[in-house]
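What follows is a set of notes on a single structure, which appears directly below.
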Amino acid sequence: MSPANASFERIAFVASPSGEAQEALERLTARYGNVPAKGADVIVALGGDGLMLQTLHRFMKTGKPIYGMHRGTVGFLMNEYSPDDLPERLSKSHVTVIHPLLMCAHDEDDCKVEFHAFNEVSLFRQTYQAARLRVLIDGEERLPELVADGVLLATPAGSTAYNLSAQGPILPINAPLMALTPISPFRPRRWRGALVPDDLKILMRVLDPVKRPVSAVADQLEVRDVATVEVSVDRSQALTLLFDPEHALDERIAMEQFAV
């Protein structure tokens, strides 16, 4: 799907602090201008996937489309960099709409913290001792005890990131699923994770939070010493990502599934 009748005359650029990103920012600003984000038609992010995640969080509530160009280390969510014909590339780009996860974490004193995540929500052990976790899905206990370094819940867009490194499955971008993947599991030994419909709520309970403390991370935002973490898809938030037709996100994810 391409952005119908969209105008991309007013561009706001954001860039990582790296030398090549800053050089690209200077070059593109001189050529196309750089309007404040509030008045922009589109946000163009220059960097890697880390910068893209920061940009998604920063502009999540603005409704503005975001187009990334690769000027960083990892660029799965980025388009190839070129300073030429940017407005034309934007007008021909394909649209991918994503909804973030909403993480609601409570500590032992029942203090609540909420963060959004576009890639994954992860729970990690904080000490040398493995975490002991219980997993409930829509209120039904599915895993009485998981002993592991942790567990993560990934979106389709995030399934090729940390989830893939943890041996989790790659999900097509439009799949109505989340990947629930253990991190270095010790027990149960044969459990390798699950695919969960994205209209369900996942509750992860820390069974021994004092002796075996656990932290929760939503993309790059961390909460320590959690007792429970509930995760669900937040459909009240929708972000529009723009990709060149030859680098559409769904095609990249499909290619990753057959990478050798």
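When all heavy atoms are compared, the tightest approach of Asp84 to Arg89 is O-CD, 3.9 Å. Minimum interatomic distance between Pro156 and Leu177 (heavy atoms only, all atoms of both residues): CD-O, 3.5 Å. Scanning all heavy atoms of the two residues, the minimum distance from Ser122 to Leu152 falls at OG-CB, 3.6 Å. Listed here is the closest heavy atom pair of Met204 and Val135: CG-CG2, 4.3 Å. Heavy-atom minimum distance, Met69 versus Leu86: CE-CD1, 4.2 Å. Closest of all the heavy-atom pairs between Ala216 and Met103 is CB-SD, 3.8 Å.
Around the NZ atom of Lys64, the shell of radius 6.0 Å holds more than 12 heavy atoms that belong to other residues, nucleotides or ligands. Within a 6.0 Å sphere centred on CZ of Arg205, heavy atoms belonging to other residues, nucleotides or ligands number 12 at most. Within 6.0 Å of CZ in Arg58 there are 12 or fewer heavy atoms belonging to other residues, nucleotides or ligands. Counted within 6.0 Å of CD on Gln129, heavy atoms from surrounding residues, nucleotides or ligands total more than 12; the atom is thus considered enclosed.
Here the side chain of Gln22 pairs a donor or acceptor atom with the backbone of Ser16 at under 3.5 angstrom. Side chain of Thr29 to main chain of Glu26: no donor-acceptor pair is present (N/O by atom type, distance under 3.5 Å, no hydrogens or angles). A distance-only check finds a donor-acceptor pair linking the side chain of Asp138 to the backbone of Lys201 [under 3.5 Å]. Side-chain N or O atoms of Tyr32 include one that pairs as donor or acceptor with a backbone N or O of Asp85 at under 3.5 Å. In terms of modelled atom types and a separation under 3.5 Å, the side chain of Asn79 and the main chain of Phe243 share no donor-acceptor contact. The closest donor-acceptor contact from the side chain of Tyr67 to the backbone of Leu90 lies at 3.5 Å or more, if one exists at all. A donor-acceptor distance shorter than 3.5 angstrom exists from the side chain of Arg125 to the backbone of Tyr128, with no hydrogens or angles considered. Looking only at distances, a side-chain donor or acceptor of Gln126 sits under 3.5 Å from a matching main-chain atom of Asp225. Remark: side-chain polar atoms of Asp41 are paired, donor with acceptor, to backbone N or O of Glu9 under 3.5 angstrom.
None of Asp49, Thr55, Leu53 except one satisfies the side-chain contact (heavy atoms from CB on, under 4.5 Å) rule with Leu51; the exception is Thr55. Each of Glu141, Glu145, Glu140 was evaluated against Arg134; a single residue qualifies, Glu141, per the salt bridge (charged side-chain N to carboxylate O under 4.0 Å, His left out) test.
A salt bridge links Glu88 and Lys92; the closest N-O separation between the charged side-chain nitrogens and carboxylate oxygens is under 4.0 Å.
Atom CZ of Phe13 sits about 4.5 Å away from atom CG of Leu28, to the nearest 0.5 Å. Rounding to the nearest 0.5 Å places CG of Leu123 at 7.5 Å from OG of Ser215. Here the CG atom belonging to Asp219 is positioned 8.0 Å from the CG atom belonging to Leu101, to the nearest 0.5 angstrom. Considering CG of Leu102 and OG of Ser236, their distance stands at 8.0 Å, rounded to 0.5 Å. The distance from atom CD1 of Ile66 to atom OG1 of Thr240, rounded to the nearest 0.5 Å, is 8.5 Å. The CD1 atom of Ile137 sits 9.0 Å away from the CG atom of Leu143 when rounded to the nearest 0.5 Å.
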Criterion side chain to side chain contact (heavy atoms under 4.5 Å, CB included) on Leu242 and Val42, from CA distance to verdict: CA-CA 10 Å; Leu242 303 178; Val42 61; 4.0 Å; yes
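Side-chain contact between Asp199 and Pro176 is absent, with no heavy atoms from C-beta onward closer than 4.5 Å. Considering only heavy atoms from C-beta on, Asn34 stays 4.5 Å or farther from Ile11 through its side chain. Inter-residue side-chain proximity for Leu239 and Val97 is flagged as unmet; no heavy-atom pair is nearer than 4.5 Å. Between Val14 and Phe59 the shortest side-chain heavy-atom distance falls below 4.5 Å.
In this view, Phe118 and His57 satisfy the ring pair (Phe, Tyr, Trp, His ring centres under 6.0 Å) rule, not counting sequence neighbours.
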Identify every side-chain donor-acceptor pair in residues 181-195 under 3.5 Å, counting partners at least two apart or on other chains, and give the distances.
unit_1 : atom_1 : unit_2 : atom_2 : d
Thr181 : OG1    : Asn163 : OD1    : 2.6
Arg192 : NH1    : Arg189 : O      : 2.7
Arg192 : NH2    : Arg189 : O      : 3.2

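Residue pairs meeting the side-chain hydrogen bond (donor to acceptor under 3.5 Å, both in side chains) criterion with at least one member in residues 98-120, sequence neighbours excluded, are His116-Asp234.
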